[in-house]
Each structure stands twice: as structure tokens, then as C-alpha cells.
Amino acid sequence: MKMDRQIESLFHDGTEEFCKYHQETGEYELILRAAENMREVFLCIDGQEHKMTMEEDTDFQYYHASLRLSGDTVSYYFRIVPDEGRTFFYDALGAGEQYSGYHDFQLRPGFFIPDWAKGAVMYQIMVDRFCNGDKTNDVYTDEYAYIGRGIEKVDDWYENPAADSTRQFYGGDLQGVIDKLDYLEKMGVQVIYFNPIFVSPSNHKYDTQDYDYIDPHFGKIVLDRGDLLAHGDTSNEHARRYKVRTTYRANLEASNELFIELVEKAHSRGIKIILDGVFNHCGSFNKWLDREKIYRGNEAYHTGAYETKDSPYHDFFRFYEDGWPDNGSYEGWWGFDTLPKLNYEGSEALCEYVLEIGRKWVSPPFNADGWRLDVAADLGHSPEFNHQFWKRFRKAVKEANPKAIILAEHYGDANAWLQGDEWDTIMNYDGFMEPVTWFLTGVDKHSDNAKPEMRGNSETFVKTLQYQMTRMQTQSFLSAMNELSNHDHSRFLTRTNRMIGRIGTVGPEAAGLNVSEAIFKQGIVMQMTLPGAPTLYYGDEAGVCGWTDPDNRRTYPWGRENFEILEFYREVISIHKQNQVLQTGSYLPLSYGPNFLSYGRFDRKNSVLVAINTDSEEHEVYIPVWKLGTEDGTVFERLIESYDEFYNCSRIKVQQKDGYVSFIMKPQTAVIYRKM
């Protein structure tokens with residue numbers, strides 16, 4: 001038992017508590033926590049062993065080693081000799097008698113993510129669906145054609161998106177966001193992440209038309225004239241109103257000015273702004289290609305590469321045939337001709353243009369606080385070029401704004417990009433959305449597949465999270481975007497019904513059937529207490545349901561919110577913000593079994609305990625809080641407990657005895673305790 005406790009007590013991670021950088025000396029101090037009676041402890045780094053010195057602190061010893069580190073990513077582990085004849089190795093997956101060589105801790109000397117991003121409460125806004133603050137910039141039905149048909153202005157804000165909703169617009173805009181900044185501030189939001197807001201013909205704007213300007217349909221239209229398309233006309237050469245709205249400098253510059261105003265007002269409330277950069281591909285409307293002939297004949301713009309081989313943008317795209325004018329043989333991302341893939345290897349001018357865009361929007365007068373990079377691993381035509389470009393992009397952005405963050409969309413292992421010289425962090429699908437969804441609901445993040453055996457499978461959850469944390473430096477994990485829902489996946493509240501479906505197969509109404517607020521509240525608790533930046537998808541806090549894209553893009557239901565969920569979100573966000581360990585503290589699983597999970601966040605002074613019961617019956621639980629560094633007699637105070645129809649914030653105390661605390665957990669509840 002003593003030896004088990006010795007090994008279980010071993011702990012190290014990359015938080016400032018265990019990995020300190022001393023700027024005055026240029027040294028990194030690495031610290032390993034252990035129980036008493038360790039005979040020797042060594043830091044193993046770059047093929048060398050460094051004997052660590054010991055510092056006693058109550059029930060634990062802390063072993064220290066300081067050294068100067070430079071260059072590329074450093075890998076390290078610890079060798080522990082508890083007594084004569086025994087040796088253990090400790091790496092990012094824990095302790096064992098054999099050294100695996102595969103899960104070393106990673107540290108990039110000189111790599112620092114801005115502190116504001118670590119554990120920051122983020123809020124994702126798809127602008128068209130959030131709030132309509134300016135009716136004068138709304139699209140007109142048949143203002144232009146998009147993918148073969150005229151677009152449609154939806155007059156009923158509360159109408160659900162159609163199964164084919166690519167041409168539907170609801171009228172949300174930046175003025176609407178400005179109008180709701182007080183709401184977001186009260187919610188506790190610290191960062192707004194915008195889906196794309198640059199000029200684009202789609203409601204989602206992932207097919208950029210002009211990277212230099214905010215779309216006037218989101219911004220300001222000060223010059224508004226010209227004909228709409230005749231109903232049934234699909235030629236955008238005739239879309240004169242759209243041309244004026246999206247190409248005239250007066251509208252474009254006024255829209256950029258509104259964005260500047262939004263950033264200033266957000267910053268005055270302590271709210272940062274992250275923009276969505278879609279740089280792998282653009283859109284067929286883009287001024288460089290101009291397949292839709294929006295810019296044709298406009299002397300303020302060069303001729304597009306679709307129309308002539310002599311276009312200065314010819315090399316921005318890869319053409320397979322020599323057939324101008326109207327050359328449609330360009331490469332499309334995944335074969336879509338509406339999404340021309342950008343040909344970076346063929347054009348240094350394109351590379352410089354996009355690097356300048358990266359600098360521009362994080363610099364005065366715009367002053368955005370970072371980029372979210374769409375399908376970032378797909379950019380370019382080879383892994384080698386992809387990494388080369390993102391290194392250049394990082395250098396450009398960080399020189400322009402050292403406190404800007406670079407956050408990438410990525411599915412799968414992103415370790416190759418997270419070495420400290422490309423991306424800062426990622427959207428945390430594999431280390432949050434996926435494991436939390438499986439554990440709480442037993443369905444996948446699209447509501448496409450069900451595995452009932454995964455619901456309540458805490459062992460799989462713990463091991464998945466533990467492994468994913470080995471694939472990132474700690475700073476990256478602490479700032480990773482932890483979302484329950486977003487624009488590419490079903491709403492988490494819908495996932496709680498544990499049904500399989502999409503809008504086209506079961507209809508939108510089914511997305512709200514048999515949902516469980518109890519499970520949803522458990523998800524909120526996990527979102528606000530696991531390592532990372534908890535990121536709300538607009539409307540989640542108001543109880544919005546929806547299958548995967550496009551049903552997940554319903555409007556925010558102003559005036560029809562679920563206030564029970566809304567207030568619960570506010571309470572747990574407040575807990576997250578008031579407890580620094582939930583933002584930057586260490587994470588440690590404590591005890592877990594079928595339908596039960598408990599974990600802690602801690603530093604040397606503070607600790608928070610979280611427990612989840614996914615069972616339909618109540619249980620008395622025993623949790624080894626000694627692992628958090630607390631002593632017997634320590635009192636933990638309950639901050640919140642969730643139930644199906646309500647939640648409880650009354651302060652109930654439990655006391656540590658023999659290393660454990662115990663309490664009764666009701667069915668389908670989540671609870672947060674804090675060390676007093």
C-alpha cells in the first residue's frame with residue numbers, strides 16, 4: 001500500500017507550478033512531486049541524467065532541477081529510485097517499471113502562449129444567426145445567385161433553417177453583436193470567436209470573396225443602388241445591387257470602420273476578438289478568380305484569372321487546361337468548383353498577400369487578437385510546404401502582435417504543428433468534444449452513430465484525455481478551444497437525446513425531442529472545469545437544439561431563451577473565472593468507474609474537485625483527494641450541484657479523512673467542490 005501511494009503520488013506537468021521559466025537567469029526549473037522516502041530522482045533529458053534536489057512540503061516532496069534550454073522541442077522524463085533495487089520511470093502517461101520512449105513530456109524553449117488565452121471563456125458567433133442590429137444591410141431575395149439559384153431573405157427570425165439552407169439569410173450583423181456586448185459581458189465571455197466575416201456570398205462565409213474587407217451585409221451599406229436579379233436569372237453579371245454593395249469602396253471602408261468600433265467596444269469590456277482565416281481555399285466569387293464576373297469591367301480591380309490567362313492572379317490557382325476565357329479547369333478543394341484551392345507553391349505573391357492579411361487584421365487600427373485557421377492542415381499541396389508556410393505565418397502574425405493567438409481547426413493528431421513554431425493550439429475535438437460526448441451521451445459529435453456502451457465509460461474517457469494531453473504542450477492544452485457544439489456538429493443539447501438523425505432524415509422537430517437538461521448541465525460542468533478554453537457556441541446557453549449542419553445554425557432565440565440553462569451557464573462560468581486553478585491549474589483524474597468520474601484541478605495552494613454521476617441511481621462516492629496535495633482535516637465546500645430541472649448552489653461542506661472525502665451523488669448529477 002505504501003509503495004502504491006508512493007507511485008500514485010508522482011506528478012509533473014507543464015503548468016507554471018511544475019515548469020517554471022526564470023526570465024532573470026534564462027533557466028527552466030522542472031519540478032516533480034513525489035511522496036516521502038524516494039531514494040533518488042533524476043531528470044532525463046537529451047540523453048543525460050540530472051540528479052534532482054529535494055524540497056519537503058507537508059505530505060509531499062518536490063524535486064527540482066534547473067537548466068538552460070534552447071533550440072527545438074525538448075523531450076524529457078523522470079527516473080525514480082524509491083529504494084534499493086527498484087526503479088520507476090515517469091512520463092506524460094504516468095509511472096511504470098519500463099521506460100516506453102513514446103510519451104515523453106515536451107517543452108519548446110521560448111514558446112509562450114499569451115496568458116489571456118489560457119482557460120479563457122470564449123463565445124463563437126456565426127454572425128448571420130446571432131442578432132440583426134441593422135435592417136439596412138440585410139440581403140434582398142434574388143439580390144444575386146448562389147450555387148445555381150437566387151438567394152433568400154428569411155423574414156421570420158425564429159424559422160428553422162431548411163435542409164438546403166445555403167441560400168438562406170437571416171440578417172445578423174456586427175451591429176447586432178455590438179448591441180449584445182452587454183449581454184456577453186454579463187455572461188462572463190472573455191473572447192469572441194467569429195466565423196468568417198470577410199466579403200463572401202454565403203451565409204457561413206467560408207468561401208471568401210475579398211480578404212481585405214468586412215462583408216457590408218455584416219457591416220455598413222452607405223451606397224445602395226442597382227437592380228436585383230430577375231427571378232430565375234442565375235447570371236451574377238446582372239446582379240448590379242450586389243456588385244455595388246460588395247465592391248464599392250464606400251461600403252467596404254464603412255464596414256471596416258464598424259469592425260474597428262466593435263473591437264474597441266469589446267476591448268473596453270475586456271473581451272478579445274478572434275477572426276476566422278479561410279486560407280486553404282477561397283470562393284468562386286473571389287476577386288482573384290471572379291468566376292461570377294462580379295468585378296468584370298470595374299476599373300478599381302484587376303481582371304480575374306477565370307477570365308484571362310494574363311490576370312495578375314493567374315498563378316494564385318492551379319489550372320489543368322489552357323482554355324480562356326471562362327476557364328473552369330482550376331483545382332477545387334475536394335473537387336468543389338465553388339471553393340477554388342489556392343496555389344501557394346505556384347505563387348510567392350499569393351504567399352505574401354496572405355501573410356500580409358495575417359498581419360493586417362491583428363494590427364492597428366483593426367487590432368484583432370488572433371486567428372482561427374480553417375482546415376489548416378490542408379493548405380498547400382504537401383506536408384513540407386504546409387509546415388513551411390505556417391512557420392512564416394506565425395512569424396508574421398507574432399511580429400505584428402506578439403499577444404495574438406494562432407488557433408487551428410484540426411481533426412486528429414496535431415502534434416507536428418504544435419512544436420512551438422507554427423500553431424499555438426487547436427480546436428480540441430479529440431481532447432474534449434469527442435470524449436465528453438461519448439462519455440455523457442453515447443453518440444458521436446454529429447449524432448450519426450451511437451455506441452451505448454460508451455456512455456458512462458469513464459475508463460475510456462480518462463485514458464483518451466490522458467493520451468491527448470501527451471500530444472500537446474501544456475500551454476497549448478490550456479488554451480485549446482473546448483466546445484460542446486459548433487457550426488460543424490450537432491448541438492450538444494440534441495445529443496443528450498441519444499438519437500441518430502439529421503434534418504433531412506428525421507426533420508428539425510426531432511432535434512428537441514427527449515433531450516436531457518441533466519446531461520446538458522453535466523456537459524457544462526465538464527466544459528468549465530477540464531483543461532482548456534471553454535467555448536460556448538452561440539445559443540447553447542439559451543437551450544438551442546439542432547442536428548448537424550445546417551440545422552445547428554439556427555438563430556439565437558432572443559425572447560425565447562431557456563433561462564434555467566442560461567442561468568446555470570452563468571453560475572458555472574462564474575465558478576470557472578473565480579478559481580484560477582480551473583484556468584491554469586494542473587489536471588488529475590482521481591477515481592472513476594462505471595457511470596462515475598471524478599477529477600481535480602489544483603496547484604500547491606488551491607484545489608477544485610469535480611464529480612459526475614451518469615447513472616440513473618444515486619451512489620455514495622469516495623474520492624482520494626490526497627492526490628491533490630491536501631491534508632487530512634481539509635474541508636471542501638460545494639459550489640454547485642446540477643440536477644435535471646434545477647441546480648443547487650447552497651454551500652455544503654465535506655471533510656477529508658484518511659485521504660478521502662465522501663458524499664452522496666444523486667442520479668445524473670455533476671458537482672463541484674473547492675478546498676476551503
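Nothing here was measured: the structure is a model prediction, and the numbers come from that model.
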For the residue pair Phe130 and Trp558, is the inter-centroid distance of their aromatic rings smaller than 6.0 Å? yes
Do Tyr353 and Trp288 have ring centres separated by under 6.0 Å? yes
So, for Trp371 and Phe279, is the gap between ring centers shorter than 6.0 Å? yes
Are the side chains of Cys282 and Leu342 in contact, using a 4.5 Å heavy-atom criterion? yes
Can the ring centres of His576 and Tyr569 be said to be less than 6.0 Å apart? no
For Glu541 and Tyr123, does a side-chain donor sit closer than 3.5 Å to a side-chain acceptor? yes
Determine whether Arg392 and Cys351 make a side-chain contact, defined as any pair of heavy atoms from C-beta on separated by less than 4.5 Å. yes
Please check if the number of heavy atoms outside His302 that lie under 6.0 Å from its NE2 is greater than 12. no
State whether the side chain of Arg491 and the backbone N or O of Asn552 hold a donor-acceptor pair below 3.5 Å, judged by distance alone. yes
Verify the ring-centre separation between His314 and Phe319: is it less than 6.0 angstrom? yes
For the residue pair Phe285 and Tyr146, categorise the inter-ring angle as parallel (less than 30°), tilted (30 to 60°) or perpendicular (more than 60°). tilted
Do the rings of His217 and Tyr144 sit parallel, tilted or perpendicular, given the 30° and 60° boundaries? tilted
